[in-house]
Amino acid sequence: MELTLERCGSTNTELKRIVDSGRFLPSGSTLRAVAQTAGRGQRGNSWEAEPGKNLTFSILLRPGGLLPKHHFLISEAIAIATASFLASVIGDETRQAVRIKWPNDIYYGDQKIAGILIENALGMSGQILHTIAGIGININQAAFSDSLPNPVSVYNIIRQELDLESLMPRITRSITAFTDSLAPIIASGTSLHEFEAMYHSWLWRADAFYKWRDTASGTVFSAKIDKVMSNGQIILDLPDGNKIGYMFKEVEAIL
C-alpha cells in the first residue's frame, strides 16, 4: 500500500501517527511526501530535499520474530537494499562507487546520496513489533544548499532525470525482500555470517587507513575498518596493531 501526501513535516512522524491510531497497514506500506518540510536525519540533523525532485518516504516493515538485539540487522538490510537499488539505477553494479557509510548513510564516492532513519517499536512479548524507516534519496535535484557538506544526486551523476513513479516500487521491493529474509537468516548461523559479510563488502572506506575523530575527546587518528559487530559497534584497526570499538555517534569519519 502506498500513501502519498503533497506536503508533510516528517514522513516517519506521520506514518507512526497512522499506525498508532490503530489502522492496520501491511508490511511494505509506504508513506511518501512530495514536499517534506521537517525531514529528520541521524544525529538530530534535518534532511533537505527539493519538492517533487527526490524520493522522500517512510516504509513500514514487520520483520517478524526479531528481538531488540537484532535491531542492527534491520539497519544493515535496509542499507544494503538501498545501496543495491542505487547501484542498479546509476549503473554501478560492480559497486565501485556506491557504498554504505557506517552505519547506514549511502554514499557515491565521498558524497552523500541517501540517508536512512530507523525507528523500531517493541511488542508486549519483547519482540520488534514493527519498524518504520524514513528514507531520503537524492534523485533529480540538480543543486543543493551551501549548508549541506557533501550532497550528490543521481541526476548529478548520470545527467538524466528519472521517473520517480517507476522508481518507488523498485526501492520498496528491494527493502522488503532484504528485511523479509532476516528471520530465516537468523535461524541459520552460516547465513547470518554471510549476510554480515555482505554488509561489510558494501562499507565505505573499508579498504585502507583513513582519518577518524573521537567525538568525545575530539582526537583525530588513523584507522582502518576491521568489522562491524552485530550490535552495530564498529571495530577499527589502529596502525600499531591494536583495535578499538565505537558505537554510533562516538566516532566519525573525516571527509
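We number each residue from 1, following the sequence as shown. What you see is a predicted model; the values in this text were computed from it and never measured.
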Cut-off 3.5 Å, no hydrogens considered: what does the side-chain donor-acceptor table look like for residues 66-76, sequence neighbours left out?
residue	atom	partner	partner atom	Å
His70	ND1	Leu67	N	3.0
Ser75	OG	Asn104	ND2	3.1

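- Listed for the Asn54 side chain is a donor-acceptor partner under 3.5 Å among the backbone atoms of Ile139.
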Side chains of residues 22-30: which donor-acceptor pairs under 3.5 Å do they make with residues two or more places apart or in other chains?
residue	atom	partner	partner atom	Å
Ser27	OG	Arg62	N	3.0
Ser29	OG	Pro26	O	2.7

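- Residues Asn138 and Val152 come closest through the heavy atom pair ND2-O, 3.1 Å.
- Between the Asp237 side chain and the Ile225 main chain, no donor and acceptor come within less than 3.5 Å of each other.
- Side-chain contact between Glu161 and Tyr155 is present, with at least one heavy-atom pair separated by less than 4.5 Å.
- Other residues, nucleotides and ligands contribute only 12 or fewer heavy atoms inside 6.0 Å of the CG atom of Asp146.
- Closest approach of Tyr108 to Ala97, counting heavy atoms only: CE1-CB, 3.3 Å.
- Scanning both residues, Ser222 and Phe209, for their nearest heavy atoms gives OG-CB, 3.6 Å.
- Smallest separation of non-hydrogen atoms from Ile106 and Ala79: CD1-O, 3.6 Å.
- Here the rule is side chain to side chain contact (heavy atoms under 4.5 Å, CB included) with Ser84, and of Leu86, Ile80, Thr82 only Ile80 fits it.
- Across every non-hydrogen atom of Phe57 and Arg32, the tightest pair is CB-CA, 3.8 Å.
- Looking at heavy atoms from C-beta onward, Ile132 lies out of side-chain contact with Ile59 at the 4.5 angstrom threshold.
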Working for side-chain contact (heavy atoms from CB on, under 4.5 Å), residues Met229 and Ile235: CA-CA 7 Å; Met229 305 295 287; Ile235 306 299; 3.8 Å; yes
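- Taking every heavy atom of both residues into account, Phe178 and Phe195 meet most closely at CD2-CE1, 4.4 Å.
- Partners of Glu14 according to the salt bridge (Lys or Arg N to Asp or Glu O under 4.0 Å) rule, which considers only residues two or more places apart in sequence or in another chain, are Arg17.
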